[in-house]
Each structure stands twice: as structure tokens, then as C-alpha cells.
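We number each residue from 1, following the sequence as shown.
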Amino acid sequence: MHIFRGRILGVAAALALTAGAVSAGTFPDFGYQPPSSYTGPIFQLSQNYPQTLPSGPPPAFFKLLPSPLSNNFEAWRPYAEAVKRYCLEGNVENDWYVEKNKVRSWYHAPWQHYGPLGREGIHGLTKEAQIQSKQLAPTQTTTGQTFAVGIYNDIGGYTFGQVWKNPQDPDPGVTSHPNSFHNGTVVCKPLFADVDLSQVPFLVNPVLWQAYVTDTFDSADRKIKPVALIQMDFAVRDSRIPNTGWIFGTFQYNGAITGKPGWDNLVPVGVMWGNDPEDNGDSYTNKQPSVTKINPNLKETAINAKPELPPTHLGWNGRLDGPVDNPISACMSCHMTAESPQLSPMNPTFQAPSKVPPVGSKEWMRWFQNEMAGVPFDAAAKSTDFSLQLAAGIADFYDWKCNQGGVFAKGGNACEQAHNFRLKLMKSSKPPAKVYKIERDQVLEELH
């Protein structure tokens, strides 16, 4: 158990939450305030969610969707590059303080401030996975840590506002079958690495942010230090996509592209629009890459084969994954588990060793099926429609409200005492055969 040392804000603000339409200032901005020696900009949660569903055509890059869908990435390149521009426009020049964007509106997910992995106060970065030795390159012999911030366009922001319309009673039914995020929702997520840059060749000429982050992955102590842009993910809700209704993509930083720091150094890794449930092999899994092993048998993943992409591990058996992601998972596989309550782990290995199924078995392939937008991973849960941030935010809210609020002398926590409070998601009338308690990687759980 690590001592929780950082300066944590937000409890007082959370106590003031009231029912009604969500508006700016309802949710805390961050959980870790930088020390007084810091005098730069402070992160603000973009939370003035649209009250009505934005009208008009979907983003212009929708016209670039390949037809037919192909595992040849060159057919996808114009689409991927257009999505990158969509994510970057108006954000890069404002250092990703997205409330200042004059091109289009972007919004953050609430309740990411809470807990030891919560948002820091300079750029709103949350703590993610540890970087393992040699995960990025053969020369990377030390470990590191990852931080990220996700944003949703106005269509996705509208859905967040509807889920959190009553800030005391979030409703994941808004995103669960027959509902889902609306067509045209776009998610963009830059990720930053705290790692020895001299050991990672593609992080030459880095884009650096100052952030108030932990000293090391295992530490609870924080300080202001530089972190380097290493990856940017995106997700697009597109009702034309069969079997899932979503497209996921990712970019990897390569500072050799332009020879100078810049977001233009983000080169595409690839896209995926399904989990290839028929492919249960393991010959292309590549945890410590010296080359990029592209699986030509995958039909729903397209990987960039050009040398602009540095050697990278990809996901399980060659499915799409970013350099700081889990090499035995995949973008869609992980996000497909997003639900409330979280009844299953995000990966088959994120549970007790005795429960981990054989690689490629029917039980293992449960995490590599195709689920349509809005369909929950577990029948007893509500889907948060591929949004792990939405699922985690709801879980954080209930953890704060029900578990961190003290115990009554007569028994029970705050939720159990408040009989008129509708905690309809915490107890399922029809649980699955197996209920898994782990919501994150076991290493992350140890930080609590």
C-alpha cells in the first residue's frame, strides 16, 4: 500500500454537486495541484457540454472512408491523416488547452481527477500503464511511465452531458443498447512518456510538456518534470462500419521525420474496425520489437508498412496497438470491455493466474469478438460504448461516494444509508457466471 501524498483537490467541489443540467464548474478540474512555484497555465476541465445534439453533416473526413474496407493501410492513409488534422487543428497552437480552441469545440470526461491515477493540474494528464523494459526499442533497458489526456468532439460531448445530466446519478443507459454514442463522435487522446529519451531512438527531437507527475511508476510522490509525446490515439463512431460501429486508430511519434520537434512527427501505426474473431494464432505477437511484425491474415486491422513507422510491437498477434499499449491486447479489444459496473477485466491476463485462459482458446477469444456499439461486454452491465473514460468516471464517482465517505455507526456507507438514492447499477439482478473484480492492470491496482 502506497501512501497517498500528493495534494488532492476536488472533494469539496464534489460535495457541492446538485441535480440538474450539467454546466461549467460542476465537476472538479483535476486532482493534483502543482506546487506554488509553478506559475504557468492551469488545466481546466472543458465541461460545458452541449444541451442539444449538434446538427449538420458528420466530420468532413467521413468522405474518405475506404470502400470496400481493406487491410491495406495505403487505402486508409488519407482518412487517417485527415483525422489527425481534425484532432490537432486549434489544439496544438493552444498547447491542448482545448477551451481556447477557435476551430471546433472539445470536451473532457468528468471524474478523471479522483484517486492516485487522477488528473494533474498542468495539462490534465492521468496516469496510465508502466512502460516495460525493451517495450519501445532494444536499446530501452529501463522502465518508464505513461500519462494521457482524452478529448471528445461536440457530438461526443453531448453524450457525456446526457450521461451526467444528474451529476449525482450518472446514467450509462444513455450509451447502452439500443443507445450508443451518436454517429460522428470523435475521440482524440495524446499520450506522453516519462522515460529515458536517450534510450528510445524515435523520441529524438521530442515534443515536451511540463506535467506534475509521479517520480516513478511505483511512487506516490509527484514533481514537475518533462514528459514526451509518444503516441496519439483516435476513435470514430461511424454507423457504416459493420459488426462494431467504430474505427480506432493510432499514431506513433518519430522525431526523425522532420528533424525538429513537432506534432507533424506523428506517423500512423494503423487503424482497426474489428477484432478479427476468427484469428486465434499467436505467431505475430512481438513484445520486445526490433521489427514490426505485420499479420497479413487480419481482415479488420490495417498496419502502416512504410519505414516511417519505427519498429513497434503492435497488439496481440499483430492487431492494432500503440507503442505504450499492452502488446497482448488491442485497441478495440480493450475498449470493448467498457461497461458499468465493470464486471470483467480489460484483458484476459488481468486476473488471477488460475483464471487466465489458454492463449487463443475459446475463453481467451471472448476478448477478441466483435460487439456492436452499445452492446455491453457482460449482459448484467450497461455498456459505455467503447469509452473507458466514461466507465472509469462512473466507477470513480461511486467509489468516492460510497466507499470513501465514512461508515455509519448503525452500519453501511453513504449510499446504503440514503434509501432514496437509486444505486441501480451497483447490484445486478442477473450477474454473469463469473464476476471479475479487477478493473485495471494488477500493477495499477497496487497503487491504490
Side-chain angles (χ1 to χ4, degrees), residues 109 111-112 115-118 126-132 135 145-148 150 172 175-176 187 189 191 217 231 233 235 244 246 248 250 272 274-277 285 287 301 313-317 319-353 355-357 359-361 363-371 373-396 398-399 425 432 434-448:
W111 275 97
Q112 300 289 288
L117 309 179
T126 58
K127 188 170 182 174
E128 299 216 347
Q130 185 177 33
I131 299 173
Q132 304 296 332
Q135 178 179 333
Q145 51 185 342
T146 309
F147 300 87
T175 55
S176 198
V187 191
K189 179 184 173 184
L191 297 94
F217 185 78
Q231 178 176 328
D233 300 336
T244 65
W246 283 91
F248 279 70
T250 193
M272 72 183 301
N275 280 309
D276 277 285
T285 302
K287 297 179 183 179
T301 284
H313 59 68
L314 300 177
W316 181 61
N317 208 36
R319 291 166 175 82
L320 180 67
D321 227 6
V324 296
D325 293 331
N326 183 351
I328 53 173
S329 185
C331 295
M332 295 202 81
S333 170
C334 182
H335 283 262
M336 185 177 66
T337 67
E339 60 186 13
S340 183
Q342 190 80 42
L343 298 179
S344 293
M346 292 186 290
N347 184 269
T349 64
F350 291 177
Q351 50 192 323
K355 294 183 178 180
V356 176
V359 175
S361 65
E363 293 75 18
W364 175 278
M365 293 303 294
R366 178 177 179 238
W367 277 264
F368 297 93
Q369 299 301 304
N370 286 335
E371 296 282 4
V375 175
F377 193 65
D378 293 280
K382 296 286 188 182
S383 171
T384 56
D385 195 16
F386 288 82
S387 176
L388 291 170
Q389 285 199 320
L390 180 55
I394 295 173
D396 285 348
Y398 283 125
D399 185 59
L425 291 177
K434 293 183 179 180
V435 178
Y436 301 100
K437 299 297 184 182
I438 299 172
E439 296 176 9
R440 299 185 176 103
D441 189 330
Q442 288 170 315
V443 176
L444 293 178
E445 291 295 316
E446 293 173 2
L447 295 175
H448 286 273

Does S383 reach the main-chain N or O of S176 with its side chain, forming a donor-acceptor pair under 3.5 Å?
no
At their closest point, which heavy atom of F368 faces which heavy atom of A330, and how far apart are they?
CE2-CB, 4.4 Å
To the nearest 0.5 angstrom, please state how far the CE atom of M346 sits from the SG atom of C334.
5.0 Å
State, to 0.1 Å, how close L343 and A380 come at their nearest heavy-atom pair, and which atoms those are.
CD1-CB, 3.7 Å
For the side chain of S340 and the backbone of A391, is there at least one donor-acceptor N/O pair under 3.5 Å apart?
no
Between E128 (side chain only) and A148 (backbone N and O only), is there a donor and an acceptor less than 3.5 Å apart?
no
OG1/T301 to CZ/F248 distance, rounded to the nearest 0.5 angstrom?
12.0 Å
Between R319 (side chain only) and C331 (backbone N and O only), is there a donor and an acceptor less than 3.5 Å apart?
no
I need the S333 OG to I328 CD1 distance, nearest 0.5 Å.
10.0 Å
Taking T337's backbone N and O only, do any of them form a donor-acceptor pair with Q342's side chain (distance below 3.5 Å, no angle check)?
yes
Which atom pair, heavy atoms only, marks the closest approach of P348 to V356?
O-CG2, 3.6 Å
Could you tell me which non-hydrogen atom of D321 sits nearest to which non-hydrogen atom of G315, and how far apart they are?
CB-N, 3.2 Å
Q389 side chain to Q112 backbone, donor-acceptor under 3.5 Å:
no
CD of Q369 to CE of M336, rounded to nearest 0.5 Å, is 7.0 Å
State whether the side chain of T146 and the backbone N or O of A129 hold a donor-acceptor pair below 3.5 Å, judged by distance alone.
yes
Rounded distance (nearest 0.5 Å) linking atom CD of E371 with atom OG1 of T244
10.5 Å
Partners of T126 by side chain to side chain donor-acceptor pair (under 3.5 Å), sequence neighbours excluded?
none
Determine whether a donor-acceptor pair (N or O, by modelled atom type, separation under 3.5 Å) exists between the side chain of E339 and the backbone of D378.
yes
Might you point out which heavy atoms bring W246 and D385 nearest each other, and give the distance in Å?
NE1-OD1, 3.0 Å
For the residue pair N347 and W316, establish whether any side-chain heavy-atom pair is separated by less than 4.5 Å.
no
Drop me the distance from T250's OG1 to Q231's CD, to the nearest 0.5 angstrom.
4.0 Å
Any non-hydrogen side-chain atom of P357 less than 4.5 Å from a side-chain atom of R366?
no
Counting distance only, does the side-chain N/O of W367 pair as donor-acceptor with the main-chain N or O of T349 below 3.5 Å?
no
I'd like to know if the side chain of K127 and the backbone of F217 have a donor-acceptor N/O pair within less than 3.5 Å.
yes
State, to 0.1 Å, how close P323 and Q135 come at their nearest heavy-atom pair, and which atoms those are.
O-NE2, 2.9 Å
